[in-house]
J.: 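There's a structure below that I have some questions on.
Owing to the predicted nature of the structure, the values given are computational and were not obtained by experimental measurement.
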Amino acid sequence: MVAITFVTNQGKTVNAPENSNLLRVSLREQGGIPFKCGGGICGTCKCRIEQGLEHTDAVKPKERKHLTDDDLRAGYRMACQTFVKGDVAVSWEPRTGPR
């Protein structure tokens, strides 16, 4: 099992099986990562891996449509496209306004 800490959600930490999809864990455990499509099309689930970036899988082509090289170097990923192989801490920009 791996530990996933949702920094923006008051540091909520949950356990998930290794190689779990970050967005699916957030949905299942009420982690709070914002999303719309869940398929790498909209870019809503952009998040930053604060700790444990080395425990994520390779960047997907769909992510490169939404994230610049600078974003990737800074630890940004698309939660719907990211699979976690070890402990991570993730943050995101809280959504404002009507949903």
Side-chain angles (χ1 to χ4, degrees):
M1 297 291 274
V2 301
I4 299 173
T5 302
F6 298 99
V7 176
T8 308
N9 187 0
Q10 301 173 345
K12 179 178 185 170
T13 300
V14 302
N15 292 313
E18 189 173 325
N19 210 29
S20 290
N21 176 272
L22 186 55
L23 182 60
R24 287 191 202 119
V25 172
S26 177
L27 292 170
R28 186 171 59 243
E29 301 289 343
Q30 298 178 344
I33 297 175
F35 75 100
K36 284 186 181 171
C37 75
I41 296 167
C42 72
T44 305
C45 66
K46 176 181 176 181
C47 60
R48 184 170 187 214
I49 308 300
E50 299 283 350
Q51 296 175 330
L53 185 61
E54 69 276 13
H55 299 301
T56 60
D57 63 342
V59 175
K60 316 290 184 315
K62 286 182 180 179
E63 291 180 276
R64 294 193 180 279
K65 293 179 182 173
H66 298 284
L67 302 173
T68 66
D69 287 341
D70 285 343
D71 286 339
L72 294 168
R73 278 191 291 277
Y76 286 94
R77 295 290 306 264
M78 303 300 297
C80 70
Q81 299 295 305
T82 303
F83 289 82
V84 180
K85 303 180 218 170
D87 296 354
V88 298
V90 59
S91 67
W92 57 91
E93 291 293 323
R95 292 192 49 175
T96 56
R99 294 188 170 209

J.: Apply side-chain contact (heavy atoms from CB on, under 4.5 Å) to Asp57 and Lys85, showing your working.
T.: CA-CA 7 Å; Asp57 63 342; Lys85 303 180 218 170; 3.8 Å; yes
J.: Out of curiosity, does Trp92 fall in the hydrophobic cluster containing Val7 (side-chain heavy atoms, cut-off under 4.5 Å, transitive links)?
T.: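 Different hydrophobic clusters.
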J.: Begin from the C-alpha positions of Met1 and Asp87 and carry the test side-chain contact (heavy atoms from CB on, under 4.5 Å) through to its verdict.
T.: CA-CA 9 Å; Met1 297 291 274; Asp87 296 354; over 6 Å; no
J.: Can you give the donor-acceptor pairs under 3.5 Å from side chains of residues 22-36 to other protein atoms, not counting sequence neighbours?
T.:
{"unit_1": "Ser26", "atom_1": "OG", "unit_2": "Gly32", "atom_2": "N", "d": "3.2"}
{"unit_1": "Ser26", "atom_1": "OG", "unit_2": "Ile33", "atom_2": "N", "d": "3.0"}

J.: Between Thr8 and Pro94, is any pair of side-chain heavy atoms under 4.5 Å apart?
T.: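 Result yes, sub-4.5 Å side-chain heavy-atom pair found.
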J.: Do any N or O atoms from the side chain of Thr56 and from the backbone of Val84 form a donor-acceptor pair under 3.5 angstrom?
T.: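 No.
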J.: Evaluate the side-chain proximity of Phe6 to Val14: yes if any heavy-atom separation is below 4.5 Å, no if none is.
T.: yes
J.: Is there a continuous path of hydrophobic side-chain contacts, each under 4.5 Å between heavy atoms, that joins Ile49 to Leu67?
T.: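 They do not share one cluster, since no chain of ILVMFWY contacts under 4.5 Å joins Ile49 to Leu67.
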J.: Please report the interatomic distance OG(Ser20) to CG(Asn15), rounded to the nearest 0.5 Å.
T.: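 Going from the OG atom of Ser20 to the CG atom of Asn15 covers 10.5 Å.
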J.: Does Arg77 form a side-chain contact (heavy atoms from CB on, under 4.5 Å) with Glu63? I'd like the steps, not just the answer.
T.: CA-CA 7 Å; Arg77 295 290 306 264; Glu63 291 180 276; 2.7 Å; yes
J.: Short question: side chain of Lys60, backbone of Ala58 - any donor-acceptor pair under 3.5 Å?
T.: yes
J.: Decide side chain to side chain donor-acceptor pair (under 3.5 Å) for Thr13 and Thr5; before the verdict, give the C-alpha distance in whole Å, the side-chain angles of both, and the deciding distance to 0.1 Å.
T.: CA-CA 4 Å; Thr13 300; Thr5 302; 3.0 Å; yes
J.: Which atoms form the tightest heavy-atom contact between Cys80 and Gly40, and what is the distance?
T.: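 Shortest heavy-atom separation between Cys80 and Gly40 comes out as SG-N, 3.1 Å.
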J.: Between Val88 and Gln51, does the side-chain contact (heavy atoms from CB on, under 4.5 Å) criterion hold? Intermediate values first, please.
T.: CA-CA 5 Å; Val88 298; Gln51 296 175 330; over 6 Å; no
J.: When you measure from the side chain of Lys46 to the backbone N and O of His66, does any donor-acceptor pair fall under 3.5 Å?
T.: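 Here the side-chain-to-backbone pair does not exist.
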J.: Please tell me whether Leu53 and Val90 are part of a single hydrophobic cluster in this structure, the criterion being side-chain heavy atoms less than 4.5 Å apart.
T.: yes
J.: Do NZ/NE/NH1/NH2 and the carboxylate oxygens of Asp71 and Arg64 come within less than 4.0 Å?
T.: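 Arg64 and Asp71: not salt-bridged.
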J.: State whether the number of non-hydrogen atoms from other residues, nucleotides or ligands found under 6.0 Å of Glu54 atom CD is greater than 12.
T.: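 Buried by this count: over 12 neighbours within 6.0 Å.
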J.: For Cys37 and Cys42, work out which heavy atoms get closest and say how close.
T.: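 For Cys37 and Cys42, the tightest heavy-atom pair comes out as SG-N, 3.5 Å.
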